[in-house]
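By convention in this document, chain letters (A, B, ...) are assigned in the order of the sequence lines, proteins followed by strands, and residues within each chain are numbered from 1. All heavy atoms count here, side chains included; hydrogens, waters and symmetry mates do not. If you're wondering where the values come from, they're calculated on a predicted model, not measured in any experiment.
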Amino acid sequence: MSPDRLSTTFAALADPTRRAILARLASGETSVMKLAEPFEMSLPAVSRHLKVLEHAGLIARGREAQWRPCRLKATPLKGIADWVEHYRRFWEESFDRLDDYLKELQRKEKPHGRKK
Amino acid sequence: MAAKNSSADEAAGEAFLITRIFDAPRDLLWKVWTQGEHLGKWFSPKGFKILAAKMDFRVGGIYHYGLETPDGKPMWGKWEFREIAAPERIVLIQCFSDEKGGITRHPMAPDWPQFTLSTMTFIAQGNKTKFTLTWVPYKATEVERKTFDAGRAGMETGWGGTMEQLLAYLAKLQS
């Protein structure tokens, strides 16, 4: 994924409502009306969030005039998931390595394995 | 999980927070975090090669490090030390860099904050040490702060379970 694409995806995900909308869509496609139900906001406000998500390529909307179903698009999310996973792993795996290293150092400091 | 930024600047958002208890006395943990020859032995994820670990540990000094990812890409970064209170606390500014130490942007996310501020604390708990790292954007633009916030939320909670659902969804699509 290109850096610009990743930035657009990040900007779209920066809002908690939009993250909640995506979470909802993960269980299947649905209409704007249905999507708006759990949120205390107007339909136009929800539509604005959907436009941002659509622009970021995170969702697609059907052409059926009546209910225009929204569904998730996977590709940009995969890029973000990989990116987040990279950071999480960076720290977790570094710390695992540090654990081993500390053990090694402490063995060297006490070559006879005796405690005071 | 998330801690409020202690500064009055609410706009800087919440900090990314990591805590870990290490089975080592504080003095030893301090040593392995602050001496280049030690940092160069462990500061990298599995499968990464450590290319360089050059340490100048003093206020205003720099730790310049280079890693190579498992697929062979180099990755350079710098820490500039702002506060050192041995053996309890280190405050540093972090950025990506090139091999010569020139400041660069995040290679994959140009809107990621150019500078971040990390505070590391070391609390002695008998023969163990509680290590805490808090991470906030530093002198960031609004776009950078929002990008950091999206990343932070993802790192800490997987966006409140969203990530797990999405990964399950992706798996379903690919099956």
Side-chain angles (χ1 to χ4, degrees), chain A residues 1-16 18-29 56 58 71-106 108-109 115-116, chain B residues 13 16 18 20 22-25 28-29 31-33 38-39 41-48 67 69 75 105-112 127 129 131 133 135 143 145-174:
Chain A
M1 184 151 67
S2 76
D4 282 351
R5 181 89 257 179
L6 197 61
S7 285
T8 311
T9 313
F10 259 128
L13 287 169
D15 182 275
R18 291 199 286 271
R19 297 200 288 267
I21 290 174
L22 289 176
R24 188 116 196 272
L25 288 175
S27 49
E29 67 171 31
L58 286 162
R71 63 185 165 77
L72 265 184
K73 280 177 75 183
T75 317
L77 284 171
K78 184 74 177 72
I80 287 282
D82 288 350
W83 193 89
V84 165
E85 194 46 33
H86 163 82
Y87 261 89
R88 218 194 322 232
R89 271 187 36 207
F90 190 98
W91 287 108
E92 276 171 15
E93 289 182 7
S94 289
F95 286 169
D96 289 346
R97 241 170 137 155
L98 177 53
D99 269 336
D100 293 342
Y101 185 58
L102 287 167
K103 266 186 214 133
E104 192 189 313
L105 287 177
Q106 291 181 100
K108 279 181 195 159
E109 278 180 4
K115 286 193 174 169
K116 273 184 230 170
Chain B
F16 177 52
I18 308 174
R20 179 114 159 189
F22 290 101
D23 193 6
L28 180 60
L29 200 64
K31 215 158 84 179
V32 300
W33 268 102
H38 288 304
L39 264 171
K41 295 253 171 58
W42 67 267
F43 183 64
S44 70
K46 220 162 44 191
F48 281 58
L67 304 174
T69 63
M75 217 179 101
R105 286 229 160 235
H106 192 295
M108 278 312 291
D111 286 336
W112 189 254
N127 266 335
T129 308
F131 171 81
L133 173 77
W135 200 27
V143 171
R145 279 200 299 268
K146 281 192 172 159
T147 305
F148 184 86
D149 200 44
R152 181 192 58 76
M155 284 182 276
E156 284 185 342
T157 63
W159 293 301
T162 312
M163 193 59 90
E164 286 75 14
Q165 279 172 278
L166 293 175
L167 292 176
Y169 177 75
L170 291 177
K172 203 167 72 186
L173 284 183
Q174 282 157 8

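When heavy atoms are compared at a cutoff of 4.5 Å, Y101(A) approaches chain B solely by way of its side chain, counted from C-beta outward. Contact of L133(B) with chain A is made through the side chain alone, with heavy-atom distances under 4.5 Å. There is no contact between D100(A) and chain B, counting heavy-atom distances below 4.5 Å. Using a 4.5 Å cut-off between heavy atoms, D23(B) touches chain A through its backbone atoms (N, CA, C, O) alone.
Ranked by non-hydrogen atom pairs under 4.5 Å with chain B, the options L102(A), D99(A), L98(A) are led by L98(A). Of the listed residues (F43(B), F48(B), W33(B), F131(B)), the greatest number of heavy-atom pairs within a distance under 4.5 Å of chain A belongs to F43(B). Of the listed residues K31(B), K46(B), K146(B), the one with more heavy-atom pairs under 4.5 angstrom with chain A than any other is K46(B).
T129(B) contributes atom OG1, which lies 5.0 Å from atom CG of L29(B) (distance to the nearest 0.5 angstrom).
A distance-only check finds no donor-acceptor pair linking the side chain of R71(A) to the backbone of L25(A) [under 3.5 Å]. Remark: side-chain polar atoms of T8(A) are not paired, donor with acceptor, to backbone N or O of A56(A) under 3.5 angstrom. Without hydrogens or angle criteria, R19(A) side chain to L13(A) main chain gives a donor-acceptor distance under 3.5 Å.
The existence of a salt bridge linking E104(A) and K108(A) is confirmed by a sub-4.0 Å separation between a basic side-chain nitrogen and an acidic carboxylate oxygen.
Using cut-offs of 30° and 60° on the angle between ring planes, the pair F148(B) and W135(B) is perpendicular.
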